[in-house]
Each structure stands twice: as C-alpha cells, then as structure tokens.
Amino acid sequence: MKLFILLLGFPGVGKLTIARELSPLLTAKVIDNHWFNNPILRLLDDDGTTPLPNGIWEYTGRVRQAVLDAIVAYGPPSANFIFTHAGIEGDERSNRTFQQIACAARECEALLVPVRLLCDEEELARRVATPARRDRLKSIDAQASREKSRRAQVLAPQHPFTLNLDVTSKTAEASAAAIHAHILRMTTTDLGSLQGSGVVAPP
C-alpha cells in the first residue's frame, strides 16, 4: 500500500533526522518542510531568532502546493513519501498545511499516517540551539522554543492512524523503528471499514 507519513513536531525535535532513518525502512522519499520554506526564506535577512513576517508563509504554502501537485501528477505509483511539518494545534496555517498533504494522499490513494513527535521542554531547547541548524535556515532560539513548549501543543490531527511518540530520550534510530512498527500494525489492519471515509481511498 502506498504510504504518506507526516512527521509533526516543534523545531528541534528531530523530524528530518528521524525521517532519514525511517526512509530506508519504507523505501520512502523524504520531503522536508524546509524544501518549501528555504527558497523563500533565503530572500530575507533571517538571523534565526527574529520573528518572520506572517505574510511570508503564504508564499511557502504555494511552493508546498506545487510540490504536492507534482507528486500527484508524476509520482511513481509505488512511491512512498515522508513529509515533515512543524504544525501547531489550533493554528489555521498548520491545519491548512495538514489538509494540503491529506488531500494529496487521497488523490494518490495513499495511506496517511500522521506521527506527533513530542519532546521535553529543556531537551527541545538544547536541540534547537545546535549551531549547525543555521546552515539549513532553521531557528536556533532556545528561549522561543521553551515558550512555545509552554503555550502550544503539536498539531493533533483527528485521524485514526495518528501515532504520539515521545522522543525525549529516544535516538533517531529507535524513533524510526517505533514508527515503522506502528505502520506495520496499521497496514495489517482491516482497512475495509475506513475506505470511503476519507481516511484511505478505495483501491
């Protein structure tokens, strides 16, 4: 069954690192959210700590949609994809991004599996402050990370295949293994009752 895996989590939680570990287990292509963001962010004088203008995300959303449209139109029928997204619960833009990916999954007749990557506040702040993150135009503001952990929650899709995974003390390899095991459980479930419900498209 064709798979769309969506790794959700705050900046620094390790979405891309885990995606790269998971990729060979599923023979999946990794589509990182910074693929959409960086072509636009490189146009700005971004220092990694100053808040970005809200309007900028309208442009990154257009890039994301173009990539998803290309996947729907030209992606190999058997190709699996792993997406990353720093979604926030209750945030309209985060919900819109999730719906973009969910819509592409339906058009590709793929099984969508959202994974919420959760992490302790201090460990997350430590990971965010890693200098190497700036090479990929990622935030390095540890205090902003702490504040986000206190006031916000990772996007929680109302989807029956969602996995909540605490990665505070897990290695990327262990996290990928846990996600892989969850996907195996989901793909051996009787999906007949879910077909036609929007969760998974009929064959």
Side-chain angles (χ1 to χ4, degrees), residues 1-9 13-42 57-87 93-117 136-138 155 157-163 165 167 172-203:
M1 177 173 290
K2 189 181 181 75
L3 296 169
F4 273 36
I5 313 303
L6 176 57
L7 303 185
L8 299 156
V13 77
K15 296 184 293 297
L16 180 56
T17 304
I18 293 170
R20 286 171 171 165
E21 291 291 336
L22 183 60
S23 174
L25 301 179
L26 300 173
T27 316
K29 300 176 185 294
V30 176
I31 311 294
D32 185 46
N33 60 314
H34 277 267
W35 284 22
F36 316 128
N37 296 346
N38 289 359
I40 305 300
L41 298 186
R42 290 191 187 280
W57 304 116
E58 174 65 27
Y59 296 95
T60 62
R62 294 180 197 175
V63 177
R64 180 185 301 105
Q65 189 60 61
V67 172
L68 291 170
D69 288 345
I71 288 173
V72 171
Y74 299 110
S78 61
N80 298 322
F81 292 92
I82 303 170
F83 300 88
T84 68
H85 173 40
R93 181 168 57 84
S94 295
N95 285 322
R96 187 163 60 247
T97 296
F98 175 77
Q99 291 304 325
Q100 283 180 294
I101 295 171
C103 181
R106 286 193 296 271
E107 292 190 58
C108 289
E109 298 186 354
L111 182 67
L112 176 63
V113 181
V115 179
R116 299 175 74 233
L117 301 176
R136 298 192 297 275
L137 301 187
K138 298 189 175 196
L155 182 68
Q158 299 303 306
H159 193 286
F161 293 165
T162 300
L163 170 66
L165 184 65
V167 299
E173 294 85 352
S175 298
I179 296 168
H180 186 226
H182 173 74
I183 292 168
L184 290 178
R185 288 194 297 272
M186 294 303 98
T187 54
T188 55
T189 299
D190 179 8
L191 301 178
S193 62
L194 296 175
Q195 290 180 346
S197 68
V199 174
V200 58

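The figures that follow rest on heavy atoms only: side chains count, while hydrogens, waters and symmetry mates do not. Nothing here was measured: the structure is a model prediction, and the numbers come from that model.
Not counting sequence neighbours, N95 has no partner by the side chain to side chain donor-acceptor pair (under 3.5 Å) test. Every residue meeting the side chain to side chain contact (heavy atoms under 4.5 Å, CB included) condition with T162, not counting sequence neighbours, appears here in chain and number order: P114, R116, P157, H159, N164. Listed by chain and residue number, D69, Q100 satisfy the side chain to side chain donor-acceptor pair (under 3.5 Å) test with Q65 (two or more places apart in sequence, or in another chain). For F36, the ring pair (Phe, Tyr, Trp, His ring centres under 6.0 Å) criterion is met by no residue, not counting sequence neighbours.
Just one of V113, T97, V115, I101 meets the side-chain contact (heavy atoms from CB on, under 4.5 Å) condition when paired with L6; it is I101.
At least one side-chain heavy atom of L7 sits less than 4.5 Å from a side-chain heavy atom of L117.
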Would E21 and S175 count as a side-chain contact (heavy atoms from CB on, under 4.5 Å) if you check the C-alpha gap in whole Å, the side-chain angles of each, and the deciding distance to 0.1 Å? CA-CA 9 Å; E21 291 291 336; S175 298; over 6 Å; no
Dump the intermediate steps for side-chain contact (heavy atoms from CB on, under 4.5 Å) on Q99 and R96, then the final yes or no. CA-CA 5 Å; Q99 291 304 325; R96 187 163 60 247; 5.7 Å; no
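At distances below 3.5 Å, not a single donor-acceptor pair connects side-chain atoms of S23 with backbone N or O atoms of A19.
In this structure, L22 CG and I183 CD1 are separated by 5.5 Å, a value rounded to the nearest 0.5 Å. Between atom CG of residue L68 and atom CD1 of residue I31 there is a gap of 8.5 Å, rounded to the nearest 0.5 Å. To the nearest 0.5 Å, atom OG1 of residue T187 and atom NE2 of residue H182 are 9.5 Å apart. The distance from atom CG of L163 to atom CD1 of I5, rounded to the nearest 0.5 Å, is 10.0 Å. Going from atom OG1 of T84 over to atom CG of N33 covers 3.5 Å, rounded to the nearest 0.5 Å. Going from atom CZ of F98 over to atom SG of C103 covers 11.5 Å, rounded to the nearest 0.5 Å.
By the 6.0 Å contact criterion, NZ on K29 is open, its count of non-hydrogen atoms from other residues, nucleotides or ligands being 12 or less.
Smallest separation of non-hydrogen atoms from S94 and L155: O-CD2, 3.9 Å.
Applying the salt bridge (Lys or Arg N to Asp or Glu O under 4.0 Å) rule to pairs touching residues 57-66 yields E58-R62, sequence neighbours excluded.
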Show me the donor-acceptor pairs within less than 3.5 Å that the side chains of residues 70-83 make with the rest of the protein, sequence neighbours left out.
unit_1, atom_1, unit_2, atom_2, d
N80, OD1, L3, N, 2.8
N80, ND2, L26, O, 2.9

